[in-house]
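The structure appears below as structure tokens.
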Amino acid sequence: MKRFKFIIPLLLALVAVACFAPAAWAFCGFYVAKADAKLYNQASQVAIARDGDRTVLTMANDFQGEVKDFAMVVPVPTVLQKEQVRVAEPKIIERLDAFSAPRLVEYFDPDPCDIERRDRVYQEVPAPAASNAAGRPRGSDDSLGVTVEARFNVGEYDIVILSAKESGGLETWLNRNGYKIPRGAKQLLKPYIRSAMKFFVAKVNLDKFEESGYQFLRPLQISYQSPRFMLPIRLGMINATKEQDLIVYILSPEGQAEITNYRTVKIPSDANIPVYVKDEFSNFYKSMFQTSYIKEDRKVAFLEYAWDMSSCDPCSADPLSQEELKQAGVFWLDDNSTSDAPVPPSFRRRPPTSSVFITRLHIRYTRDKFPEDPMFHQTSNQESFQGRYILQHPFTGELNCRSGREYKRSLPKRFEQEAQTLAKLTNWNIQDIRKKMQLTVGNLTGSWWGNFLSWLIGF
């Protein structure tokens, strides 16, 4: 059996939004790179489309190993039937990731001697638009206190829905029935059983997987109705040897979502950093995130993006189409087209709307710092936010005017500020940063750069 990795392949294409950069930073510029989920070796991704107490949850994780060993155990608030479960295409998770990823943008200084251009009121350019069930009747194992509430097949997965009276019995049942559950599950299952939650359990049907022709395990998508707005992450900590990353995309008709039992903190953003970071953006973002994570005592959720999904500025990917949003679980759109999303008829009682607001939360968690599952709350706050990092390229042409000479004199201070900002964000050594900046600016032409290099070397 080949080894497979339950990881989503990600888009690498560069997308640019063309507009001029006004003196006061607007959300505009040329998009040049993004910090998407591929940066992290162990990262699960979850999309949650929620309106009121109705939820469509899409789960893609980073399972590594033989597909025959795959087992997913997810606590759920209600018993799910086959029509509430489907397999989703990885493309949907890719699109959400690409659209909402923190991004690097660049601006280019205008010629300071061009008074007409300098005094022009710049106008931003609008962003581009964008099988058969193997059913069995309900059964129980009295000796273990486990009840099989439902059993069916969806795509390449065999699904059972279980209820249990005690965690030891559930752990034993899972092991006896061929689910390779890590040791230590008993303690983590216990609080879910006390809360009367059910258990959505999936493993791969090898025959159907071979028939499908897929080379990877696809995300699972479930729909349910419950006042509980939470995400069960504790079972993912059973065998974890280090921090794990979870990226959550919350889609709402109202506005931003927040975590109520942990602080939600905006990732540092709108920082001007040295232009050489363009070639090291992945290392920059990982270092910056880790520095912020430690600063916040390792127990916060970071807001990386919040935006109405009908637009973006600058766009790291085109906005999702209505059909793509439906595939992501959005069930409140106001057209009459159909979707394969597992949405019960009762989900459509709300007056239809086209509004979809995305909140991207990034949680790095360990068992000691995140002892509780994150609980979410929807708000009407539609304030836009993005993790955005700015490269400001200096003008390198001839500067034979008073404004040009003033501009030249201002650059060393600006470059030093960029170096200090980068050091503060990443905890990188300031002298190493200055050396790399010297190499970068040394490639630029113009004799006046010699003065700056001399200043930089002697600093």
Side-chain angles (χ1 to χ4, degrees), residues 14-35 102-127 268-281 284-285 288 312-316 386-426 428 430 433-459:
L14 298 183
V15 181
V17 179
C19 62
F20 292 106
W25 301 117
F27 278 17
C28 189
F30 293 92
Y31 156 72
V32 292
K34 62 178 179 287
R103 61 213 60 195
L104 184 66
V105 297
E106 58 185 354
Y107 298 94
F108 293 82
D109 287 350
D111 182 351
C113 294
D114 185 348
I115 298 176
E116 180 179 338
R117 182 178 180 185
R118 182 191 65 191
D119 293 339
R120 186 182 304 154
V121 178
Y122 294 104
Q123 300 296 325
E124 296 182 15
V125 175
S269 183
D270 287 330
N272 283 62
I273 55 180
V275 295
Y276 82 81
V277 175
K278 182 175 181 177
D279 296 325
E280 301 183 17
F281 185 55
F284 159 76
Y285 194 81
M288 189 209 65
C312 49
D313 181 12
C315 293
S316 60
Q386 61 182 238
R388 188 179 68 120
Y389 309 94
I390 302 158
L391 307 180
Q392 185 72 17
H393 293 267
F395 180 75
T396 58
E398 292 295 328
L399 296 171
N400 299 318
C401 68
R402 179 178 177 182
S403 295
R405 290 190 291 271
E406 292 175 354
Y407 171 78
K408 285 190 290 186
R409 287 193 292 270
S410 72
L411 286 174
K413 181 178 180 180
R414 182 176 110 184
F415 293 144
E416 175 60 17
Q417 182 59 57
E418 291 174 354
Q420 292 188 17
T421 297
L422 182 59
K424 181 179 180 181
L425 289 174
T426 61
W428 289 350
I430 185 69
I433 293 171
R434 289 174 180 145
K435 288 178 183 178
K436 288 190 176 184
M437 291 178 72
Q438 175 185 341
L439 292 174
T440 301
V441 299
N443 292 328
L444 299 174
T445 59
S447 60
W448 61 272
W449 282 106
N451 295 330
F452 167 66
L453 289 174
S454 299
W455 170 86
L456 185 62
I457 293 169
F459 188 84

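Everything numeric in this text was worked out from a predicted model, so none of it was measured. For the numbers below, each heavy atom of this structure counts, side chains included, while hydrogens, waters and symmetry mates do not.
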Exercise for the section: Please assess I273 against L391 for the test side chain to side chain contact (heavy atoms under 4.5 Å, CB included), listing each intermediate value before the final yes or no. Expected result: CA-CA 6 Å; I273 55 180; L391 307 180; 3.8 Å; yes
Exercise for the section: Fit a plane to each ring of H393 and F108, take the angle between them on a 0 to 90° scale, and name the class: parallel (under 30°), tilted (30 to 60°) or perpendicular (over 60°). Expected result: parallel
Closest heavy-atom pair and its distance - [X], [Y]:
{"X": "P314", "Y": "R103", "result": "O-NH1, 2.7 Å"}
{"X": "N272", "Y": "Q392", "result": "ND2-CB, 3.8 Å"}
{"X": "D109", "Y": "P394", "result": "OD2-CA, 3.6 Å"}
{"X": "F281", "Y": "P102", "result": "CE2-O, 4.1 Å"}
{"X": "P112", "Y": "G404", "result": "CG-CA, 3.9 Å"}

Exercise for the section: Please name all residues satisfying side chain to side chain donor-acceptor pair (under 3.5 Å) with R409, sequence neighbours left out, ordered by chain then number. Expected result: none
Completion exercise
Hits for side chain to side chain donor-acceptor pair (under 3.5 Å) against Y285, two or more places apart or cross-chain, chain-then-number order -> E304
Practice task
State whether a side-chain donor-acceptor pair under 3.5 Å links Q417 with T421.
Solution key: yes
Exercise for the section: List the steps, then state whether side chain to side chain contact (heavy atoms under 4.5 Å, CB included) holds for Q420 with K424. Expected result: CA-CA 6 Å; Q420 292 188 17; K424 181 179 180 181; over 6 Å; no
Practice task
First locate atom CG of L411, then atom CD of E418, and finally report the distance between them rounded to the nearest 0.5 Å.
Solution key: 9.0 Å
Handout entry: Trace of the side chain to side chain contact (heavy atoms under 4.5 Å, CB included) decision for Y276 with L422
Key = CA-CA 11 Å; Y276 82 81; L422 182 59; 3.4 Å; yes
Exercise for the section: Spell out, as yes or no, whether a donor-acceptor pair under 3.5 Å connects the side chain of S269 to the backbone of R388. Expected result: yes
Practice task
Give a yes or no on whether the backbone of L399 and the side-chain of Y407 come within a donor-acceptor separation of less than 3.5 Å.
Solution key: no
Practice task
Applying ring pair (Phe, Tyr, Trp, His ring centres under 6.0 Å), run through Y389 and F284 and close with a yes or a no.
Solution key: CA-CA 10 Å; Y389 309 94; F284 159 76; 5.3 Å; yes
Exercise for the section: Count the heavy atoms belonging to other residues, nucleotides or ligands that lie under 6.0 Å from CD of E406, then report whether that count exceeds 12. Expected result: yes
